[in-house]
There are 4 protein chains.
Amino acid sequence: MPKTPAPPLGDAAATPPARQRRKAERPQELLDAALAQFVSKGLAATRMDDVARQAGVSKGTLYLYYPSKDELFKAVVRNSVVTVLTEGSDIVDRFEGPTSELLHTLMHTWWSRIGASKASGIFKLVVADVGNMPELAQFYLDEVIVPTHQLLGRAVERGVARGEFRAFDVTAVVQSLMASAQFLMLYPYCVGSLPDHPFPLDAETFMKTQMELLLHGLEVPRGHA
Amino acid sequence: MPKTPAPPLGDAAATPPARQRRKAERPQELLDAALAQFVSKGLAATRMDDVARQAGVSKGTLYLYYPSKDELFKAVVRNSVVTVLTEGSDIVDRFEGPTSELLHTLMHTWWSRIGASKASGIFKLVVADVGNMPELAQFYLDEVIVPTHQLLGRAVERGVARGEFRAFDVTAVVQSLMASAQFLMLYPYCVGSLPDHPFPLDAETFMKTQMELLLHGLEVPRGHA
Amino acid sequence: MPKTPAPPLGDAAATPPARQRRKAERPQELLDAALAQFVSKGLAATRMDDVARQAGVSKGTLYLYYPSKDELFKAVVRNSVVTVLTEGSDIVDRFEGPTSELLHTLMHTWWSRIGASKASGIFKLVVADVGNMPELAQFYLDEVIVPTHQLLGRAVERGVARGEFRAFDVTAVVQSLMASAQFLMLYPYCVGSLPDHPFPLDAETFMKTQMELLLHGLEVPRGHA
Amino acid sequence: MPKTPAPPLGDAAATPPARQRRKAERPQELLDAALAQFVSKGLAATRMDDVARQAGVSKGTLYLYYPSKDELFKAVVRNSVVTVLTEGSDIVDRFEGPTSELLHTLMHTWWSRIGASKASGIFKLVVADVGNMPELAQFYLDEVIVPTHQLLGRAVERGVARGEFRAFDVTAVVQSLMASAQFLMLYPYCVGSLPDHPFPLDAETFMKTQMELLLHGLEVPRGHA
DNA sequence: CATGAATGAGTGTTCATTCAT
DNA sequence: CATGAATGAACACTCATTCAT
């Protein structure tokens, strides 16, 4: 019976042997497991055992990749948020059309990539534990907050430059958008955690409404000259 | 009818023996200490010893008043937020003048009573730990979220009834306000925890701006007929 | 208005004022409460609070009468067992009639005074805790075991002296009787603690049977000369 | 058919690595240590630390094998008594010869396996703590008392069936035997705990005497027709 | 005398981290 | 590399004992 044929030369890197492929994927598998556990139980209440079991490895293996619980947590944060920001930046650069539409696009992209995924739980974790991990604060500021501000700031400035928006304190507008995003991210961990609660929140509707309010306050009054 | 003779001026009866006076004040002292510790270190990272020491009592005494860490935490939440809500309700009932001003008043009252105090840290704690304390979720919904919605909802409806605001989804407006409040409460535990950060947030300005944006989107266009 | 008349001389001790009577009865009330608690929960699992509450006094008062838990326990033991032994001794001295009947009488007196009362639980406690209280062992030996041996030994010797019993190792007979008594005292704390158990033990029947077996082995064979 | 080559003489596979061999032996080592500690100090007074130290492991390791103190205790009881009962049952099945001799054999087997070993202290523990552990009561009844009754009951019935014993209430005879056994088990924890006590108890003599009394009361009068 | 608030040493249990295999 | 047995520091909670009132 023919063995698995040797991969053609030059292609070896593309399909490594199963063991190596496994090894290459391990870090991501561990981070996924850790994210799920951290988000659902909180940092302190999650045991390294839980993470390892969910990832299907032993506790020792987990420590082979991440030297401590704190480092694992930081790696989870890093892994979950950074990649998305470059995507948003591209959108701002390339977008053509009204800025209000750009903002809608950014918001929806964020929602589909972060807000609606488990990654939204990271914000909860950062808020909860940043007080005991000073380096995490700096990291989160540098890697998340600042880029986000720049990203959104550029979008708003685009609107002003194009005469679509009133001249308005850009930081204030950005913070307004971030407040909305944070609200959406935390809602599931607040009232949303109860099976029946009186204020069901549809994210799409919420974003649309907030955006409408914001833009109405932002846009240059038109047509009643 | 012979009465107990009136105590001498200064009313000795009004100043019970030191031990009793202490016992009457203990619960609040313990709650204050617990709030400070919980907020600064998180629920899991705070030891009962820490709380007791900060309150100047032994650990045993702490357990004399609160039977467990969880109960202590719930008492802290109760103590810090519930009283303020009735105050806000009174303001809405008695307010005369434009609704925009009422909203400003409410926002500033909230800020001075909750937002600017350590009590703001409670929101962080609730978000962080509600996942492991299901009863807390219900409690927070019943005692904080629902009353807050009602309070703000009544204020917004007042504006609509008086013809000041457009007819608008009340819940959306309330959520917008709560998003701003949450943003302010969490800011110190996010980027704000760093000594020097590039987005210093002045709460007064932030509230003013958000309110301005919101009201601009809310108010009935006037005078350009 | 006439005060309570002074009690006539010589009678004061018989009817002391209520408060003093209360005080005089306190120790017994405390011992009763302690016995009940110790027996039902064991020494280690009984809190001084429990004893005090059952006795209707504060914990401080309990310590006013007994300086420690250990001392309280010893007092309970002393109080419950010692008095009965003198009664048994009297019976042996005065008894007239067959010795087999004397043994029956002693057994039933023991049962009604000790075996059937809560005092039987003391044996359980002594067995359980004597290992950690060396003085208790000596006390129990001196005050309970030795007198009991002497009491029963005299009864058996009477039977031998009167020609009713074979000459037999007295200690062995006494131990046989004590084994039966211990069995009865411990039964409730062993299988007897279960609501439905397959070996219901009627104490009267048990004692009668054991005595019958013992006497049958002890009595001088009669009448088949 | 190619087999795995036979291991060299001495069978290396039979001696697993030290770590695994240790793991296989750990439970028994822990149970031995726990038995010794429990018996000498009582359940409540024994700290898990003590057990661990005596077993030469850390406290954490102890919890690796037994999830709580209560479970450890139950495992000790199980381990110490259950195995012996099957041995006794075998003896009854196979015995040939007079039933009085069978009873002697059973008694001596019990003494060498249980009575004279530390396992006798388990009875003390059960008596002392069964009140606070309802499941233990049921377990002890099912696993110890009932089998013991059956075992001894069969032996007594054998004597009656073979015409050696009078027809007698079997339960009463069994209880008489158990009373003797309990007396022997508790003696060391009662007067026996003192270095010099006036009633030294030689177990062999005691058993012989009790058996003699019992059998004399039980056996069919012979030969003086 | 009586109270009960206060104490703090003590213990069961958990879990991040290590390391022999 | 991977494992999982072992560790031990840490912490919530209890309760016998004290003492100011």
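Proteins come first, then strands; the chains are lettered A, B, ... in the order of their sequence lines, and each starts at number 1. All values reported here derive from a predicted model rather than from experimental measurement.
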- Query: For B:L30 and E:dA5, what is the distance between atoms CG and C1' respectively, to the nearest whole Å?
  - Reply: 12 Å

- Compare side-chain N and O positions of B:T61 against OP1 and OP2 of E:dT7 and report whether any pair is under 4.0 Å apart. yes

- Atom CZ of B:F73 and atom C1' of F:dA12: how far apart are they, to the nearest Å? 17 Å

- Message: Does any part of the side chain of C:Y140, heavy atoms only, come nearer than 4.5 Å to the side chain of C:F123, both counted from C-beta?
- Response: yes

- What's the CD-P distance between C:Q37 and F:dC15, to the nearest Å? 13 Å

- Message: Can you see if the side chain of C:Y63 gets near the phosphate of F:dC19 - specifically, an N or O under 4.0 Å from OP1 or OP2?
- Response: no

- Message: What I want to check is whether an N or O donor and acceptor connect the side chain of C:K59 with the base of E:dT3 at under 3.5 Å.
- Response: no

- Item | Heavy-atom donor-acceptor pair, C:N132 side chain to C:D129 backbone, under 3.5 Å | no

- Note on the structure: Shortest non-hydrogen pair, D:S68 vs D:M48, comes out as C-CE, 4.2 Å

- Tell me: CD of D:E71 to P of E:dT13, nearest whole Å? 10 Å

- Note on the structure: To the nearest angstrom, the CG-P distance between C:L64 and F:dT18 comes to 12 Å

- Specify the residue among A:R47 and B:G60 whose closest nucleotide of DNA chain E lies further upstream toward the 5′ end. B:G60

- Does E:dT13 have a Watson-Crick or wobble partner in any strand here, with both distances under 3.5 angstrom, and which is it? F:dA10

- Query: If each of C:D70 and B:A45 is mapped to the nucleotide of DNA chain F with the nearest heavy atom, which maps nearer the 5' terminus, i.e. the 5' end?
  - Reply: B:A45

- Task: Give one of base, sugar-phosphate or nothing for B:K69, where a contact means two heavy atoms less than 4.0 Å apart.
- Result: sugar-phosphate

- Item | Contact nearer the 5' end of DNA chain E, comparing D:L43 with B:L62 | B:L62

- Message: Check whether B:D50 reaches the backbone of B:R47 with its side chain - one donor and one acceptor, N or O, closer than 3.5 Å.
- Response: yes

- Below 4.0 angstrom from OP1 or OP2 of E:dA2, is there any side-chain N or O of C:Y65? yes

- Query: Side chain of C:K69, backbone of C:L43: donor and acceptor closer than 3.5 Å?
  - Reply: yes

- Side chain of A:M48 only, please: which of F:dA16, E:dT17, F:dA12 is the nearest? E:dT17

- When you measure from the side chain of A:V57, which nucleotide among F:dA6, F:dT3, E:dT3 comes out closest? F:dT3

- B:S58 vs E:dA6: side-chain N/O to OP1/OP2 distance below 4.0 Å: no

- Polar side-chain atom of B:T46 near backbone of B:K41 as donor-acceptor pair, under 3.5 Å: no

- Query: Whole Å only: how far is the CE atom of A:M133 from the P atom of E:dA16?
  - Reply: 13 Å

- Task: Scan every strand shown for a Watson-Crick or G-U wobble partner of E:dA2, both distances under 3.5 Å, and answer none if you come up empty.
- Result: F:dT21

- Message: I need the NZ-P distance between D:K41 and E:dG10, as an integer number of Å.
- Response: 14 Å

- Quick one: B:D49 CG to E:dA9 P, roughly how many Å, whole number? 11 Å

